[in-house]
Each structure stands twice: as structure tokens, then as C-alpha cells.
Amino acid sequence: MALLGGGGYAGLAVVSPRAHVSRRFTTFANMTVSTPQQGDKVKWVEATSSFFDNDSRPIMLFDGVCNLCNGGVRFVRNVDPNRRIRYEALQSEAGMNLLRRSGRAPDDISSVVLVEKDRSYIKSEAVLKIMEYLDLPFPQLAFFLHLMPLFVRDFVYDNVANNRYNIFGRSDSCEIYDN
């Protein structure tokens, strides 16, 4: 079962209508998932295990219509020449299944989520874990940011996340695709 990093469900969920995710978006996490039936006790970890069968790299889930999130993915792609991280929009079918695997609602786009084979991270924990996968100086910066209490990091994260559309805007479709 996937574990959530520190903050758990303490944050407010921002629910918006499901946004259109452009078909130009290349799915970096190939999906061959048989969806468990609605009435069954859902075992999403097993249902999504195929994401990690042939590729053990973690998957970064992001809001595909958020300009800040798309910029963050572009930044990570630029400073990660070895492609240690895969990407998937939260609004995609694969993204929603991975959200369920992480113990979150499938329409919860309030946080970036980093899904590893055995664990998921949300909010500031996800950001710091992503930094640990990148080249210098980001792992060292993540180490020092871990010294800040989780509730302070998540407070800052929540304030930015709750105002991201007002500050950075949103697009009509996911802009991240394989160039």
C-alpha cells in the first residue's frame, strides 16, 4: 500500500471541472491497467503495478492545465538530462489511477504527486523528493529545506497551490509533450 509523505490529507482540496488534456501530450507512463470494479475493495497498488514493470523511474503527476505546473515540468526536464523522472498529467486516465494508488481522490488536482514503486509523496515532500532526483545543487538544497518543519513547508506550498491559477494563469490543454 502506498504511503503518503508527512502532511497526509491536512490540506484543502481544490476541485475544479476536469480540464481537457491535449492528445499531443505523450504519456510517459504507459498505461495497461484493468480498472477494479466500483463495488470491490480497490487495490490500486496492484492495479497500477504495470507502471513500474519495465521502468522503475518515479512518475511526477502534475496539473496539466496549470502554467506554473507546466513550467515546473519543463524546468525539471531541462535539469534532468538523464530522464530519471517520468511525467503524467493529473487529469489523464493514468494520472487519476496513480492518484488512487496514492490514496487520493481521482479528481484531486491540488498537489503535485511523486509516485515511486513503493511510496507516494505529496505537496512539499513531493517537491523535495523530485529535487533529490536532479543534478547538483538540487539534492543539497532539498536536504536543507528538509530542516524546515513540514507544516511550514506545506503552508507555503498550499498558499502557492491555491492561488496558482490567479498568479500564473491556466491553459486550455496540457502543454507538456515530447518534443
Without swapping roles, check the side chain of D154 against the backbone of K123 for a donor-acceptor pair under 3.5 Å.
-> no
Hey, are D63 and R164 close enough for a salt bridge, meaning a charged N less than 4.0 Å from a carboxylate O?
-> yes
For the [atom1] atom of [X] and the [atom2] atom of [Y], what is their distance to the nearest 0.5 Å?
X    : Y    : atom1 : atom2 : value
L128 : H146 : CG    : NE2   : 4.5 Å
R153 : F151 : CZ    : CZ    : 10.5 Å
S110 : Y157 : OG    : OH    : 7.5 Å
F62  : S111 : CZ    : OG    : 13.5 Å
C69  : R170 : SG    : CZ    : 10.5 Å

Could you check N97 against T48 for side chain to side chain donor-acceptor pair (under 3.5 Å), going step by step and ending with a plain yes or no?
-> CA-CA 7 Å; N97 286 331; T48 57; over 6 Å; no
Lys/Arg cation over aromatic F52: R86, 6.0 Å, 45° cone = yes
With heavy-atom distances below 4.5 Å as the criterion, would you say the side chains of [X] and [Y] are in contact?
X    : Y   : result
Y165 : C66 : yes
I59  : Y87 : no
V115 : P58 : no

Worked check of side chain to side chain contact (heavy atoms under 4.5 Å, CB included) between I122 and V112 | CA-CA 6 Å; I122 61 167; V112 65; over 6 Å; no
Pick out which of [options] makes a side chain to side chain contact (heavy atoms under 4.5 Å, CB included) with [X].
X    : options              : value
Y133 : V76, L114, D80       : L114
M60  : V127, V113, I130     : I130
L90  : V65, D108, L99, D107 : L99

Tell me, with the steps shown, if Q91 and M96 meet side chain to side chain contact (heavy atoms under 4.5 Å, CB included).
-> CA-CA 6 Å; Q91 294 89 344; M96 288 186 282; over 6 Å; no
Pairs in or reaching into residues 131-152: which pass salt bridge (Lys or Arg N to Asp or Glu O under 4.0 Å), with residues at least two apart or in two chains?
-> R84-D135, K129-E132
Before giving the answer on side chain to side chain contact (heavy atoms under 4.5 Å, CB included), spell out for M148 and V156 the whole-Å C-alpha distance, their side-chain angles and the decisive distance to 0.1 Å.
-> CA-CA 11 Å; M148 186 182 303; V156 172; 5.7 Å; no
When the aromatic ring centroids of F138 and F143 are compared, is their separation below 6.0 Å?
-> no
Stepwise, does the side chain to side chain contact (heavy atoms under 4.5 Å, CB included) test hold for I85 with R57?
-> CA-CA 6 Å; I85 299 175; R57 294 177 299 161; over 6 Å; no
Could you tell me whether N54 atom CG has more than 12 heavy atoms of other residues or ligands within 6.0 Å of it?
-> no
